[in-house]
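What follows is one structure encoded as structure tokens, with my remarks underneath.
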Protein chains: 2
Amino acid sequence: MKTYLQKFKCLGDETRIRILRLLLISKEELCVCEIVDALEIPVYTISKHLKELKNAGLISEKREGKFIFYSLTKTDDAFFESILSAVSSIPGEFFKTNKEALKKRLKLRENGACVIGMKQ
Amino acid sequence: MKTYLQKFKCLGDETRIRILRLLLISKEELCVCEIVDALEIPVYTISKHLKELKNAGLISEKREGKFIFYSLTKTDDAFFESILSAVSSIPGEFFKTNKEALKKRLKLRENGACVIGMKQ
DNA sequence: AATACATTTGCAAATTAGTGCAAATGAGTA
DNA sequence: TACTCATTTGCACTAATTTGCAAATGTATT
């Protein structure tokens with residue numbers, strides 16, 4: 001039961017919803033610095049929320065050199081699918097700015113990988 | 001955005017999940033005292049959680065004489081459907097006891113309405 | 001090894017949420 | 001009006017969450 005509650009709790013925070021939505025939009029893994037730039041929220045805040053999302057099993061991480069990439073956990077669990085579907089149902093207008101910032105940021109990738117770091 | 005977050009936050013509490021699940025199982029409105037008996041949680045706690053669920057727009061209330069009945073809000077909103085579907089996806093084993101207690105309690109209704117009150 | 005940079009962590013302060021009890025409300029009934 | 005009973009509320013208390021900053025970690029580069 002705890003695992004279900006933990007997932008729901010994760011979804012009760014705006015930053016975490018924005019992170020999930022970003023991962024849903026991009027359909028691929030995102031580097032921490034890309035998420036930071038897209039959401040314009042301090043790194044350490046993002047980092048802590050990413051940790052929670054990971055603990056809840058919603059996202060997975062993968063290190064590639066200096067960068068750490070996060071992606072939605074792959075699973076065919078009905079519960080997980082439903083909550084992702086709920087996140088997708090939130091109107092796009094709320095994420096417009098984030099989506100555009102992400103798009104811009106992703107253009108700076110080389111060979112599909114993040115190469116620049118944080119906008120200082 | 002706030003309304004979506006509020007709904008998710010509501011789902012992050014075990015008592016509220018149990019209440020929702022009860023309403024999903026019974027497919028009909030339930031009186032506060034029936035919920036209390038089914039969950040074996042103090043009335044005032046249930047009452048406060050019901051208030052939160054109502055504020056979040058997840059459930060609706062209806063008074064009938066001495067009794068107040070709660071039911072899932074009727075809507076065809078995609079977001080709402082998804083979260084209900086998530087709640088339904090939680091394995092039934094977690095709710096077995098509650099479900100049985102509710103069944104017993106509902107047998108005490110007369111003409112489909114709650115007539116007894118609280119087990120003191 | 002020394003430096004640079006991406007990311008995480010530990011800790012304190014601020015905020016928010018949950019629980020328990022006693023008292024209040026509101027409807028029905030005598 | 002007084003009384004009973006279902007339900008809610010106010011308040012005090014405790015527990016959990018969030019945030020900000022500075023320091024730490026880990027990897028790559030020179």
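Just so we're on the same page: letters track the sequence lines, and every chain starts at 1.
Within the 4.5 Å cutoff, no side-chain heavy atoms of His49(A) are placed close to those of Arg18(A). Tyr4(B) places none of its side-chain heavy atoms less than 4.5 Å from the side chain of Glu14(A). Side-chain contact between Leu30(B) and Leu106(B) is present, with heavy atoms from C-beta onward closer than 4.5 Å. Side-chain contact between Leu11(A) and Lys7(B) is absent, with no heavy atoms from C-beta onward closer than 4.5 Å. Contact annotation: the side chain of Ile116(B) approaches that of Arg105(B) to within less than 4.5 Å [non-hydrogen atoms, C-beta and beyond].
In terms of phosphate contacts, His49(B) brings a side-chain nitrogen or oxygen within less than 4.0 Å of OP1 or OP2 of dT19(C).
Ile35(A) has its CD1 atom 15 Å from the P atom of dA6(C), to the nearest Å. Atom CZ of Phe8(B) is separated from atom P of dA17(C) by 16 Å (rounded to the nearest Å). Here dA4(C) presents its C1' atom at 16 Å from CD1 of Ile116(A), a figure rounded to the nearest Å.
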> Between Leu50(B) and Ile35(B), does a side chain to side chain contact (heavy atoms under 4.5 Å, CB included) hold up when you go through it step by step?
Replying inline: CA-CA 10 Å; Leu50(B) 285 171; Ile35(B) 297 174; 4.2 Å; yes
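Asp13(B) contributes a side-chain N or O that, together with a main-chain N or O of Thr15(B), makes up a donor-acceptor pair within less than 3.5 Å. Side-chain N or O atoms of Arg63(A) include one that pairs as donor or acceptor with a backbone N or O of Gly65(A) at under 3.5 Å.
Thr45(B) comes within 4.0 angstrom of sugar-phosphate atoms only, judged by non-hydrogen atoms across all strands, and of no base.
Across residues 51-69 of chain A, Lys51(A), Lys66(A), Phe67(A), Ile68(A) each have a non-hydrogen atom less than 4.0 Å from an atom of DNA chain C (numbered order). Contacts of residues 10-29 of chain A with DNA chain D (heavy atom under 4.0 Å): Asp13(A), Arg16(A).
Note that the first and last nucleotides of DNA chain D, 5' to 3', having any atom under 4.0 angstrom from a heavy atom of chain B are dC5(D) to dC11(D).
Between Ser60(A) and Thr73(A), the side chains place a donor N or O and an acceptor N or O closer than 3.5 Å (distance only, hydrogens not considered).
Under the 4.5 Å side-chain heavy-atom criterion for ILVMFWY residues, no single connected hydrophobic cluster contains both Val36(B) and Tyr44(B).
When each of Lys48(A) and Tyr44(B) is assigned the nucleotide of DNA chain D with its nearest heavy atom, Tyr44(B) is the one assigned upstream, toward the 5' end.
Checking Lys103(A), Lys96(A), Lys104(A) one by one against Glu100(A), the salt bridge (charged side-chain N to carboxylate O under 4.0 Å, His left out) holds for a single residue, Lys96(A).
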